[in-house]
Colleague: 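Below: one structure in structure tokens.
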Amino acid sequence: MEMSTGLDKPYVEQEVTYSYSSLLIVQELKNLSQSILTLRRKNTLLYQGDPFQGLYIVQCGMLKQTFQLKKKDEHLTHFYLPGDIIGLDSIGEGVYSGTVKAIETSGLLHISFRRTEELPNLQTSHMQLLRCLSRAMSLEHSRMWQMINQPADVRLAYFFTAMSSNFLARGYSPYSFRLAMSRHEIADYLCMAVETLSRLISRFQQQKILTTRGHEYHIVNPDALASIAAKRK
């Protein structure tokens with residue numbers, strides 16, 4: 001019997017994605033990459049406020065971005081998966097908007113932003129890049145609204161559904177996947193206490209919505225998960 005994905009609803013297609021970028025612009029940028037670098041777990045790729053030196057494409061692994069407002073606590077604002085572009089939100093200001101660290105050993109391609117001028121079909125490619133940037137900013141604003149205004153269970157269901165969609169878009173299973181980030185990092189990202197996160201994951205397991213073992217997650221009932229994610233105020 002074929003299992004329904006629960007991921008074909010309009011709100012999922014339009015909203016449940018985080019920093020995933022156009023495959024076309026990613027491939028074009030890869031052709032301009034100057035170097036491949038490996039960043040080990042917990043090492044820093046760049047710091048908030050560093051001068052903008054170009055873009056990075058994640059080849060493998062996972063990274064996170066944190067933002068600090070003056071001397072207040074840091075807030076986790078992004079997770080970067082393979083295929084994501086780091087630095088799109090920093091083009092306008094000319095400085096990197098957050099500190100980016102590797103959650104696990106990661107491989108990246110570096111592209112000097114000046115080299116985008118070498119893209120074929122210059123005007124079209126620049127428009128694609130600007131659209132990609134605009135989409136990333138719009139999705140981030142949407143995510144922040146989602147985190148602030150919604151109940152904790154909706155936030156968590158939204159997160160797992162988004163990760164499922166991201167893995168599906170990359171050609172992997174949308175039901176079983178490994179997330180390198182810790183529960184503390186997920187809780188920080190979702191603006192909730194880690195105790196709340198653990199309690200909700202236990203509830204989802206009891207309701208047979210998902211199972212988890214360490215960093216491995218398996219979505220057992222994607223329809224139920226999508227239904228919770230859709231229960232917005």
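Just the heavy atoms: all of them, side chains too, but no hydrogens, waters or symmetry mates, feed the values below. Please read these numbers as outputs of a predicted model, since none were measured by experiment.
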Colleague: Kindly give the heavy-atom pair with the smallest separation between Leu46 and Gly98, and that separation in Å.
Modeller: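 In this case the closest contact between Leu46 and Gly98 is CD1-O, 3.3 Å.
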
Colleague: Verify whether one side chain among Thr211 and His218 offers a donor that lies under 3.5 Å from an acceptor in the other.
Modeller: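 No.
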
Colleague: I'd like to check Asp50 versus Val95 (side-chain heavy atoms, cut-off strictly below 4.5 Å). Are they in contact?
Modeller: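 No, too far: nothing below the 4.5 Å cut-off.
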
Colleague: Taking the side chain as C-beta and beyond, is there a heavy-atom pair between Phe160 and Tyr217 under 4.5 Å?
Modeller: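 The answer is yes, as the side chains (C-beta and beyond) meet within the 4.5 Å cut-off.
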
Colleague: Looking at Ser97 and Ser90, would you say the former's side chain and the latter's main chain have a donor-acceptor pair under 3.5 Å?
Modeller: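 Side chain of Ser97 to backbone of Ser90, a donor-acceptor pair under 3.5 Å: no, none is there.
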
Colleague: Would you call Ile209 and Ile219 a side-chain contact if the rule is heavy atoms closer than 4.5 Å?
Modeller: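 Side chain of Ile209 against side chain of Ile219, heavy atoms only: no contact under 4.5 Å found.
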
Colleague: Looking at Ala157 and Ile228, what are the two nearest heavy atoms and their distance?
Modeller: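 For Ala157 versus Ile228, the nearest heavy atoms are CB-CG2, 3.6 Å.
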
Colleague: Identify the heavy atoms of Val154 and Gln150 that sit nearest to each other, and give their distance.
Modeller: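 Scanning both residues completely, I find the closest heavy atoms to be CG1-CB, 4.0 Å.
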
Colleague: Take Thr105 and Leu39 through the side chain to side chain contact (heavy atoms under 4.5 Å, CB included) test and state the conclusion after the steps.
Modeller: CA-CA 6 Å; Thr105 298; Leu39 194 69; over 6 Å; no

Colleague: Quick one: pull up CG in Leu200 and CZ in Arg155 and give me the separation to the nearest 0.5 Å.
Modeller: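 That separation rounds to 9.0 Å.
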
Colleague: Check whether any side-chain heavy atom of Leu156 lies under 4.5 Å from a side-chain heavy atom of Phe204, and answer yes or no.
Modeller: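 When only atoms from C-beta onward are counted, Phe204 and Leu156 do touch, with a gap below 4.5 Å.
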
Colleague: Of the non-hydrogen atoms in Pro82 and Cys60, which two are nearest, and what is the gap between them?
Modeller: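 The answer is CG-CA, 4.0 Å.
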
Colleague: May I ask you to test the His75-Leu69 pair for a side-chain heavy-atom distance under 4.5 Å?
Modeller: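 Heavy-atom side-chain distance check fails, nothing below 4.5 Å.
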
Colleague: Are Phe67 and Tyr189 linked, directly or through other ILVMFWY residues, by side chains that come within less than 4.5 angstrom of each other?
Modeller: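 No, it is not one cluster - the side chains of Phe67 and Tyr189 are not joined through contacts under 4.5 Å.
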
Colleague: Mind checking whether Tyr47 and Tyr96 have ring centres under 6.0 Å apart?
Modeller: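 Here the rings of Tyr96 and Tyr47 have centres that are no less than 6.0 Å from each other.
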
Colleague: Count I, L, V, M, F, W, Y as connected when their side-chain heavy atoms are under 4.5 Å apart, and connections chain through other members. Are Tyr158 and Val194 then in the same cluster?
Modeller: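 Per the 4.5 Å side-chain linkage, Tyr158 and Val194 are not co-clustered.
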
Colleague: With rounding to the nearest 0.5 Å, note down the distance linking CG in Asn43 to OG1 in Thr38.
Modeller: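 It is 11.0 Å, given to the nearest 0.5 Å.
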
Colleague: Working to the nearest 0.5 angstrom, can you tell me the gap between Leu45 CG and Leu37 CG?
Modeller: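 Here the interatomic distance stands at 6.5 Å.
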
Colleague: Please tell me whether Phe177 and Tyr172 form a close aromatic pair, meaning their ring centres lie under 6.0 Å apart.
Modeller: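 Distance test on ring centres: not under 6.0 Å, no.
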
Colleague: State, with a plain yes or no, whether a side-chain heavy atom of Tyr56 is found less than 4.5 Å away from one of Leu63.
Modeller: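 No, side chains not in contact.
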
Colleague: Under 3.5 Å, side chain of Arg170 to main-chain N/O of Gly83, donor-acceptor pair present?
Modeller: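 Between the backbone of Gly83 and the side chain of Arg170 there is no qualifying donor-acceptor contact (under 3.5 Å).
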
Colleague: Please determine whether the number of non-hydrogen atoms from other residues, nucleotides or ligands lying under 6.0 Å from atom NE2 of His184 exceeds 12.
Modeller: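 At most 12 heavy atoms, drawn from other residues, nucleotides or ligands, come within 6.0 Å of this atom.
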
Colleague: Can you find a heavy atom in the side chain of Thr44 that is under 4.5 Å from one in the side chain of Val100?
Modeller: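 No; the side chains remain at least 4.5 Å from each other.
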
Colleague: Yes or no on side chain to side chain contact (heavy atoms under 4.5 Å, CB included) for Arg183 and Thr212, after CA distance, side-chain angles and deciding distance?
Modeller: CA-CA 12 Å; Arg183 287 196 178 184; Thr212 177; 3.7 Å; yes

Colleague: Kindly compute the distance separating CG (Leu88) from CD1 (Ile85), expressed to the nearest 0.5 Å.
Modeller: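 These two atoms lie 4.5 Å from each other.
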
Colleague: Using a strict 4.0 Å threshold on nitrogen-to-oxygen distance, state whether Lys64 and Glu74 make a salt bridge.
Modeller: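 Salt bridge: no.
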
Colleague: CD1 of Ile86 to NE2 of His110: how many Å apart, nearest 0.5 Å?
Modeller: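 Separation between the atoms: 10.5 Å.
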
Colleague: Kindly indicate, with the supporting measurements, whether the criterion side chain to side chain contact (heavy atoms under 4.5 Å, CB included) is fulfilled by Asp84 and Ile57.
Modeller: CA-CA 6 Å; Asp84 285 341; Ile57 300 177; over 6 Å; no

Colleague: Say you draw a straight line from CD of Glu104 to CE of Met62; how long is it, rounded to the nearest 0.5 Å?
Modeller: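 It is 6.0 Å, given to the nearest 0.5 Å.
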
Colleague: What's the verdict on side chain to side chain contact (heavy atoms under 4.5 Å, CB included) for Leu81 and Phe167, showing C-alpha distance, side-chain angles and the deciding distance?
Modeller: CA-CA 9 Å; Leu81 281 67; Phe167 280 104; 4.1 Å; yes

Colleague: Ser227 side chain to Asp223 main-chain N or O, any donor-acceptor pair under 3.5 Å?
Modeller: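 Checking the backbone N and O of Asp223 against the side chain of Ser227, no donor-acceptor pair under 3.5 Å is found.
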
Colleague: So, does Ser106 use its side chain to make a donor-acceptor pair with the main chain of Gly61 at under 3.5 Å?
Modeller: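 Answer holds: no.
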
Colleague: Within a reach of under 6.0 Å around CZ of Arg178, are more than 12 heavy atoms found that belong to other residues, nucleotides or ligands?
Modeller: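 For Arg178, atom CZ is crowded (more than 12 foreign heavy atoms under 6.0 Å).
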
Colleague: So, Tyr80 and Gln65: side-chain donor and acceptor under 3.5 Å apart, yes or no?
Modeller: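 Yes.
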
Colleague: Do Leu179 and Phe159 have side chains that get closer than 4.5 Å, going by heavy atoms?
Modeller: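 The answer is yes; the side chains approach within 4.5 Å.
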
